[in-house]
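Let me begin by presenting the structure, written as structure tokens, before commenting on it.
Residue numbers start from 1 in every chain, and the chains themselves are labelled A, B, ... in the order their sequence lines are given, proteins ahead of strands.
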Amino acid sequence: MGNAQAISHTNVEISSKVPMDELVALCKRRGFIFPASEIYGGINGFWDFGPLGVLLKNNLRDRWWRDMVITPPIGPDGEPLQIVGVDTAIIQNPKTWEASGHIAGFSDPMVDCKETKLRYRADHVMVLLPHTSKMPPAPKVPSVAFVEGTPLQDIEKHIKKIAKKLGISISLKDFIGHQYREIEGSELNIAVHHDKLPLTQINKDKYTEIVAPDADVPGTLTEPRAFNLMFETQVGAVRDDSSKAYLRPETAQGIFLNYKNVVDNMRVRVPFGIAQVGKAFRNEVTPRNFIYRSREFEQMEMEWFCHPDEAKKWFEFWTEMRKSWWADVGVSSSNLQLRQHDKDELSHYAKAGVGTVDIEYRFPFTAPGFGELEGIAHRCDFDLTQHEKHSTKKMEYFDDSVQPPRRFLPHVIEPAAGLTRGVLAVLAEAYTVDASRPSQMYMKFKPSMAPVKAAILPLINKDGLPEIAQKLYYCMRTKFMTEYDAKSNIGKRYARHDEIGTPFCITVDTETPKDQAVTIRFRDTMAQERVALDRVEAFVAKALAE
RNA sequence: GCGGGUGUAGCUCAGUGGUAGAGUGUCAGCUUCCCAAGCUGAAUGUCGCGGGUUCAAAUCCCGUCGCCCGCUCCA
């Protein structure tokens, strides 16, 4: 992530930083998000959405579904795009994950260093073997490990440190073959250097001769241990290898599995999209940062199938479209950036394509940096090719709309957004400090995203006010998520609705029986406006449409 | 997996060997009120869990578990 290049980055002053622990506390106190199974002490990496959280999440999800499937965007040629939805099983035939590459690629071997307590991904650790001419008969020269990408100067320093510690005379050139002594640039190149080996290719009984990347003495690395990031389960009552199945680590494969069904039955023509919202599961090594990295999370993914020659055009189209969508749901563009993936960072399916770009948000815990919110990847024809190979079912598309007609395997542009992360971004974005209020803060949701749109509040709980307020409530609740609240004094009720981000508090006061009007109190300004009872619904509807 | 922190009322926390506390919130009633007003009353705890020391443990010791932070990882 570090050396990647931001291709669009509006640098603004970081607005008063959202205190993450207070946001988490608010989410619990006001019923947005609870730790999962909390009465049993919780379970790391899982969260439950409370009454307000599910409203917020559904608002975001429904908006995505509407903008993708119900009214997809107008395409570059002025015609509406064609996107259909699916909702596929979380558990699929396990061959799915062999074909997708997840079984092979989703488990990373890790090694620990007993001296420094650091942990490394084994396939990222490179080992410099001593140059053979220096070896016999003595002294004993260890192998030197480093993390791939470490600058040459740092490796040199490390070797000097080891030499001092072990009391031997060695330098970098003792590890480098004759023909490569003159190195261009600052990094060793594995492709041309035979003395550098990945740790994974070195026999485990040789580990005693290796000095770990940050260690002083050899022999401190443990054996690599596999971390499988896919959750396993069994299908059927009998537990054996043949019943093993997996919880999906991404929703995308459910779409690829149904690509043929959709093409054959739904009268769609390339280019078209298939969209899906659903849960996905990854056994993360370290769930962190509230709901940002959890083990069970929700994705909103759309696979856009197009002709290979048009992949670049559509990649750019969807990148722009998706970035502006986040701004539309209230995520400030000054906290968004696009980040192009480096070549060595690309996923296995995207290596050959036009690339991958992340839409990143400045989360409170990443600030001033950014964290991924959505990824737009050119998956090429990787997935369809793989499923064609593993299932032996033809996935080719026959296009007779051009002359001469052609057969091809469509390429895929995938905008894959995190719904759970989106909720967090919307929450963080909404959290607004305001010392002048009793609540000290308020949630500045865009009205269309707010869990509760309007609160109907009789100023006092008698003198005919509740009757008028309830009548209004019964009308409003059929149109919007509305709350009726007659308890405690008006200030406390305003304060609570500031905390849950209700944009409009509608108060029935002692004047109402006389003038048939109420006051609408605006969350963001605390200003009040007198509105006739029969105009309240239209007033709120208009505000929500913006 | 390693290192650090932490665990007492819904929430924030006090309580270092001697009867389990405060503030706040919640609920009920009064007050009738436009920004957490006031008054009265009520409910809420195996002090994370298990063991040990002691006449006596929230408190000391041992173990264990959960959560948080850092590192590794993060399609």
Side-chain angles (χ1 to χ4, degrees), chain A residues 1 20-22 24-26 28-31 34-45 100-102 105-125 147 213-214 222 224-225 227-230 249-250 252-253 280 282-290 292-295 297 299 301 341 345-351 356 358 365 371-372 375 377 379 382-383 414 416 434 436-440 442 457-463 465 487-499 505 507-511 518-521 523 526-528:
Chain A
M1 192 184 270
M20 200 55 202
D21 47 349
E22 283 176 31
V24 174
L26 176 88
K28 184 178 171 188
R29 186 157 46 87
R30 288 306 185 188
F34 305 122
S37 39
E38 194 185 14
I39 60 169
Y40 291 107
I43 176 165
N44 197 5
S100 71
H102 284 87
F106 221 64
S107 57
D108 300 313
M110 310 285 295
V111 291
D112 291 313
C113 173
K114 285 179 276 194
E115 180 186 332
T116 61
K117 308 298 182 197
L118 295 171
R119 172 178 290 177
Y120 310 92
R121 212 170 116 170
D123 58 335
H124 284 183
V125 174
V147 177
D214 302 281
T222 62
R225 294 182 310 117
F227 279 67
N228 199 324
L229 297 187
M230 268 201 293
E250 62 174 20
Q253 293 306 322
R282 287 179 202 163
N283 206 355
E284 298 286 357
V285 178
T286 312
R288 265 313 138 82
N289 292 325
F290 197 29
Y292 180 77
R293 175 169 302 127
S294 47
R295 291 181 164 137
F297 56 99
Q299 294 182 308
E301 296 198 290
H341 280 211
E345 188 187 359
L346 290 172
S347 306
H348 57 73
Y349 53 71
K351 294 260 189 255
T356 296
D358 281 348
F365 44 83
E372 182 187 355
R379 293 183 79 126
F382 176 85
D383 301 278
E414 174 196 76
D434 181 356
S436 76
R437 306 184 181 224
S439 55
Q440 303 289 302
Y442 64 105
L457 315 170
L459 186 59
I460 55 174
N461 204 14
K462 64 178 190 184
D463 296 343
L465 269 46
K487 282 174 190 164
S488 77
N489 69 70
I490 193 70
K492 288 187 181 182
R493 284 179 277 170
Y494 286 157
R496 172 172 175 270
H497 283 286
D498 276 349
E499 285 195 342
C505 283
T507 304
V508 174
D509 60 25
T510 47
E511 294 298 307
V518 292
T519 55
I520 298 186
R521 182 258 195 192
R523 176 196 64 199
M526 295 190 284
Q528 295 187 2

Item to check | Residues A/Arg496, A/Ser488; criterion side chain to side chain contact (heavy atoms under 4.5 Å, CB included); working and verdict | outcome: CA-CA 11 Å; A/Arg496 172 172 175 270; A/Ser488 77; over 6 Å; no
Checklist entry - Hey, mind stepping through A/Leu459 and A/Glu511 against side chain to side chain contact (heavy atoms under 4.5 Å, CB included) and telling me if it holds? => result CA-CA 10 Å; A/Leu459 186 59; A/Glu511 294 298 307; over 6 Å; no
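The separation between A/Phe290 atom CZ and B/rC67 atom C1' is 14 Å, rounded to whole Å. Taking atom CG of A/Leu26 as the reference point, atom C1' of B/rU12 lies 14 Å away to the nearest angstrom. The CZ-P distance, from A/Phe365 to B/rC69, rounds to 10 Å in whole Å. One can place CE of A/Met20 at 12 Å from P of B/rG70, the figure rounded to the nearest angstrom. Taking atom CD of A/Glu372 as the reference point, atom C1' of B/rC73 lies 15 Å away to the nearest angstrom. For the pair A/Glu284 CD and B/rU72 C1', the interatomic distance rounds to 13 Å; values are reported in whole Å.
Residue-to-nucleotide proximity on RNA chain B shows that, of A/Gln299 and A/Lys487, the 5′-proximal contact is made by A/Lys487.
B/rG63 and B/rC55: their C1' atoms are spaced 26 Å apart (whole Å). The gap from the C1' atom of B/rU24 to that of B/rC61 amounts to 36 Å, rounded to the nearest Å. Of the C1' atoms belonging to B/rU16 and B/rA57, the separation is 11 Å, rounded to the nearest Å. One C1' atom belongs to B/rG25, the other to B/rU12, and the distance between them is 11 Å to the nearest Å. Across B/rU53 and B/rU44, the matching P atoms stand 34 Å from one another, rounded to whole Å. Rounded to the nearest Å, the gap between the P atom of B/rC69 and that of B/rC13 is 16 Å. Distance check on atom C1': B/rU32 versus B/rU26 gives 22 Å, rounded to whole Å. Distance check on atom P: B/rC2 versus B/rC49 gives 25 Å, rounded to whole Å.
In terms of heavy-atom proximity, A/Ala280 sits nearest to A/Gln299 at CB-OE1, 3.7 Å.
Not a single salt bridge (Lys or Arg N to Asp or Glu O under 4.0 Å) links A/Arg295 to another residue, sequence neighbours left out. By the side-chain contact (heavy atoms from CB on, under 4.5 Å) test, A/Tyr292 is found to be paired with A/Asn289, A/Phe363, A/Phe365, A/Glu372, A/Arg421, A/Leu424, residues two or more places apart in sequence or in another chain being considered. Every residue two or more places apart in sequence or in another chain that forms a side-chain hydrogen bond (donor to acceptor under 3.5 Å, both in side chains) with A/Thr507 is listed here: A/Tyr494. Partners of A/Arg523 by salt bridge (Lys or Arg N to Asp or Glu O under 4.0 Å), not counting sequence neighbours: none found. Under the salt bridge (Lys or Arg N to Asp or Glu O under 4.0 Å) criterion, A/Glu301 pairs with no residue at all, not counting sequence neighbours.
Checking B/rA22 for Watson-Crick or G-U wobble geometry (two distances, each under 3.5 Å) identifies B/rU12 as its partner. Across all strands shown, the partner of B/rG3 is B/rC69, judged by Watson-Crick or G-U wobble contacts whose two distances both fall under 3.5 Å. The nucleotide B/rC60 finds its pairing partner in B/rG52, both defining distances of the Watson-Crick or G-U wobble pair being shorter than 3.5 Å. Nucleotide B/rC39: paired with B/rG29 (Watson-Crick or G-U wobble, both distances less than 3.5 Å).
With B/rC69, B/rA75, B/rC68 as the candidates, the nucleotide lying closest to the side chain of A/His102 is B/rA75. When distances are taken from the side chain of A/Asn44 to each of B/rC68, B/rU72, B/rC11, the shortest belongs to B/rC68.
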Next on the checklist: Counting primed atoms plus P, OP1 and OP2 as sugar-phosphate and everything else as base, spell out the protein contacts along nucleotides 32-37 of chain B at 4.0 Å heavy-atom distance: B, S or - for each nucleotide, 5' to 3'.
Outcome noted: BBBBBB
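Using a 4.0 Å heavy-atom distance criterion, A/Leu457 is classed as making no nucleic acid contact.
Between A/Lys28 and the phosphate of B/rC11, there is a side-chain N or O to OP1/OP2 separation shorter than 4.0 Å. Contact annotation: A/Arg379 side-chain N/O to B/rA75 OP1/OP2 distance is not under 4.0 Å.
For the pair A/Pro458/A/Arg493, a side-chain contact is recorded, criterion being any heavy-atom separation below 4.5 Å from C-beta on.
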